[in-house]
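Heads up: the structure comes next, in structure tokens.
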Amino acid sequence: MSKASIIGAYNTEFGAFVKKDKASGLITDTRTYYDLLIEAGRGAIRDAGLDAADIDAIYVGSCSPASFINQEHVAPLAAEIDPALRFKPMTRCECACASSSVAFYDGVYAIESGRFRNVLVIGVEKMNLLPTPQVTHVLACCSHWPSEGSKGWSFPMLFAAYAKGYQKHYGIADAELERMLWTSAALCYRNGAENPLAHVKNGPATVEEIMKLNEPDAKGKCKNMMIAPPLRLHDCSLVTDGAAALVLAPTERVAGAKRAVQVAGIGHSIERLPENARPNMHELMAGKDAAAKAYKEAGISAADIDFAEVHDCFTINMILSTEALGLSRDGRAGYDYVDGRFTRDDRVAVNLSGGLKSKGHPVGATGASMHALAYKQLIGEPIGVAAKKADVGVVFNVGGSAVTNCVTVLKAPK
């Protein structure tokens, strides 16, 4: 097991924190990147019962602030959380949508080194100041630019390739695949409706509701438009602003504390960046490797998991992630969702937070948010839907087109 534990966490509200003037088209920032980072950092320190002076180092996960808000060198912004943080070491981590999970792991390593006693990890992103085409371009820079981004491949297209590969490999009919994808989306919408921090709280809660959105209106347009076949709008996560933060401490120092959750195991595995360099497109091979590493370190198997937060940037990845974690057999996760598994009442629940689909996906903040909300489940302070049982939780966060794979096993206080 690792030698680090989480002792506090905070998640800001997620949403589109901008105001657009209809006449001029001018976009005004209503909650800035700086506001979100400071709010999350202060909240986590307070939740840990510490003073800012007790923090020894800070790791900030952020994907592309230079492109989103014209700000590089973002780690030192954490000094604005409190004057006592001035002169502390601060480091930024970037791994696309897994930026703050990698920051979290660097925090774990820092604690394990013995150099630091309390580490603050922050994930933050502000995406909505840019129009959608520019957001698409910024995110495309997280793909393999020579073979993907420069050729016009967007992330919906990259994950659509996984959907097509999965469908072909397992011989799934179009209608069957659609029901699988929309069942997983509806599950997240239902859970997100009860998360007060979620970006979307009123999404379509059933497959039938999503299917109605496919019907064209009088002008021939549908609300659930095709984005990258077979993926439609409601297969895709949101463009979101938000931040989350956690405080880490040595397990030996906080052992027995009622709000100390052990980082029982971590698995960090990298897939080749170009999709055309991978041997197949029907499974998350590096995700499976990351899960195996995390389970081995934690001394558990998939059968021990009570709930999981998985990276549903697109509905197909929710299905692939469920299989990578061993919660379903290969080729069966979609059918399992359709059969009603992984709800709040099942033996193992998935995305009680609403997932990226409903909670939102501020890319650099997503990993920290997944860990923060899992932490809250494990200490009996759930935000939104409560897990039926919360002894062992798993977080599976990915960066890029399932390139950076981060699996964390967390165990509740004994």
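Bear in mind that the values here come from a model prediction, so they are computed numbers and not experimental data.
With respect to the salt-bridge test (charged N to carboxylate O, under 4.0 angstrom), the residues K388 and D346 do not qualify. The existence of a salt bridge linking E194 and R344 is confirmed by a sub-4.0 Å separation between a basic side-chain nitrogen and an acidic carboxylate oxygen. A salt bridge between E381 and R259 is present, with a side-chain N of the basic residue lying under 4.0 Å from a carboxylate O of the acidic one. Looking at E72 and R92, a side-chain N of the basic residue comes within less than 4.0 Å of a carboxylate O on the acidic one, giving a salt bridge. Using a 4.0 Å cut-off between charged side-chain N and carboxylate O, K357 and D312 make no salt bridge. Checked for salt-bridge contact, R329 and D336 miss the test: no charged N lies under 4.0 Å from a carboxylate O. In this structure, R332 does not pair ionically with E323, as no charged nitrogen and carboxylate oxygen lie closer than 4.0 Å.
The shortest distance between side-chain heavy atoms of R190 and V385 does not fall below 4.5 Å. Using a 4.5 Å cut-off on side-chain heavy atoms (C-beta onward), E271 and R278 make contact. Using a 4.5 Å heavy-atom threshold, the side chains of V350 and L327 count as touching. V200 places a side-chain heavy atom less than 4.5 Å from the side chain of L238. The side-chain heavy atoms of L77 and Y33, taken from C-beta on, include a pair separated by under 4.5 Å. Looking at H282 and Y170, their side chains come closer than 4.5 Å, going by heavy atoms from C-beta outward. Using a 4.5 Å cut-off on side-chain heavy atoms (C-beta onward), Y295 and L325 make contact.
Applying the 6.0 Å contact sphere to NZ of K223 captures no more than 12 heavy atoms from other residues, nucleotides or ligands. Around atom CD of E252, no more than 12 heavy atoms belonging to other residues, nucleotides or ligands sit under 6.0 Å away. Atom CZ of R347 sits in a crowded spot, with more than 12 heavy atoms from other residues, nucleotides or ligands closer than 6.0 Å. Environment of CZ in R253: crowded, with over 12 heavy atoms of neighbouring residues, nucleotides or ligands closer than 6.0 Å. Within a 6.0 Å radius of NZ in K3, other residues, nucleotides and ligands contribute 12 heavy atoms or fewer.
Looking at N195, its side chain does come within 3.5 Å of a backbone N or O of S353 through a donor-acceptor pair. When atom types are taken as modelled, the side chain of N317 and the backbone of F159 share no donor-acceptor pair closer than 3.5 angstrom. A donor-acceptor contact shorter than 3.5 Å is absent between the side chain of S321 and the backbone of M318. A donor-acceptor pair under 3.5 Å is formed between the side chain of T30 and the backbone N or O of F17. Between the side chain of D241 and the backbone N or O of N128, at least one donor-acceptor pair lies under 3.5 Å. Judged by distance alone, with hydrogens and angles left aside, the side-chain atoms of S143 form a donor-acceptor pair with the main-chain N or O of A140 at under 3.5 Å. Side-chain atoms of T240 never come within 3.5 Å of backbone atoms of G360 as a donor-acceptor pair (strictly under, hydrogens ignored). For the pair S154 (side chain) and T136 (backbone), a donor-acceptor distance under 3.5 Å is absent.
Counted by atom type alone, T206 and Y189 present zero donor-acceptor pairs between their side chains at under 3.5 Å. Checking N118 against D54 by side-chain atom types alone, no donor-acceptor pair falls below 3.5 Å. Looking only at atom types and distance, the side chain of T322 has no donor-acceptor partner in the side chain of R341 under 3.5 Å away. A donor and an acceptor atom, one from each side chain of E309 and N397, are nowhere located under 3.5 Å apart. A donor atom on one side chain and an acceptor atom on the other are not found under 3.5 Å apart for S328 and Y335. No hydrogens or angles considered: nothing links the side chains of D29 and T32 as a donor-acceptor pair under 3.5 Å. Donor-acceptor pairing under 3.5 Å is lacking for the side chains of H311 and T366. Side-chain atoms of Q71 and Y34 include a donor-acceptor pair closer than 3.5 Å. In this model, no donor atom of one side chain and acceptor atom of the other lie less than 3.5 Å apart for S2 and E297.
Rounding to the nearest 0.5 Å gives a distance of 13.0 Å between CE of M285 and CG of L320. Annotation: the span from L187 atom CG to F342 atom CZ amounts to 10.0 Å, rounded to 0.5 Å. With rounding to the nearest 0.5 Å, the separation of CD in E209 from CG in N224 is 12.5 Å. To the nearest 0.5 Å, atom CD of residue Q134 and atom CG of residue L139 are 12.0 Å apart. Rounding to the nearest 0.5 Å places NE2 of H234 at 14.0 Å from CZ of F314. In this structure, the separation between CZ on F104 and CG on L246 is 6.0 Å, given to the nearest 0.5 Å.
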* Verify side chain to side chain donor-acceptor pair (under 3.5 Å) between R232 and T315, making sure each step is shown before the conclusion. => CA-CA 10 Å; R232 291 179 175 266; T315 49; over 6 Å; no

* Between V102 and T404, is a side-chain contact (heavy atoms from CB on, under 4.5 Å) present by the stated rule, with each step listed? -> CA-CA 9 Å; V102 173; T404 298; 4.2 Å; yes

* To do: Check step by step if side-chain contact (heavy atoms from CB on, under 4.5 Å) holds for L378 and K411.
  => CA-CA 7 Å; L378 290 160; K411 290 188 176 180; over 6 Å; no

* To do: Given side chain to side chain donor-acceptor pair (under 3.5 Å), test H371 with T408 step by step and report yes or no.
  => CA-CA 8 Å; H371 285 84; T408 311; 2.8 Å; yes

* Check against side chain to side chain donor-acceptor pair (under 3.5 Å), N214 and E178 -> CA-CA 11 Å; N214 299 343; E178 287 177 346; 5.8 Å; no

* Asked: Is there a side-chain contact (heavy atoms from CB on, under 4.5 Å) between E125 and L36 once you walk through the steps?
  -> CA-CA 8 Å; E125 210 75 62; L36 293 164; over 6 Å; no

* So L248 and V263, side-chain contact (heavy atoms from CB on, under 4.5 Å) or not? Walk me through it. -> CA-CA 9 Å; L248 293 164; V263 182; 4.2 Å; yes

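Taking the centre of each ring, Y166 and Y162 stay at or above the 6.0 Å mark. Ring to ring, H361 and F14 are not that close: their centroids are 6.0 angstrom or more apart.
Across all their heavy atoms, S101 and G367 have their closest contact at OG-CA, 3.4 Å. Nearest heavy-atom pair, R42 versus I81, reported as atom, atom and distance to 0.1 Å: NE-O, 2.8 Å. Counting all heavy atoms, side chain and backbone alike, G41 lies closest to I122 at CA-CD1, 4.2 Å.
Considering D47, V119, I55 in turn, I55 is the only one that fulfils the side chain to side chain contact (heavy atoms under 4.5 Å, CB included) rule with V247.
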List the atom pairs, with distances to 0.1 Å, where a side-chain N or O of residues 4-13 and a protein N or O form a donor-acceptor pair under 3.5 Å, not counting sequence neighbours.
| from | atom 1 | to | atom 2 | distance (Å) |
| --- | --- | --- | --- | --- |
| S5 | OG | T251 | OG1 | 2.8 |
| Y10 | OH | E39 | OE2 | 2.7 |
| N11 | OD1 | S369 | OG | 2.7 |
| T12 | OG1 | A243 | N | 3.1 |
| T12 | OG1 | A243 | O | 3.2 |
| E13 | OE1 | R31 | NH1 | 3.3 |

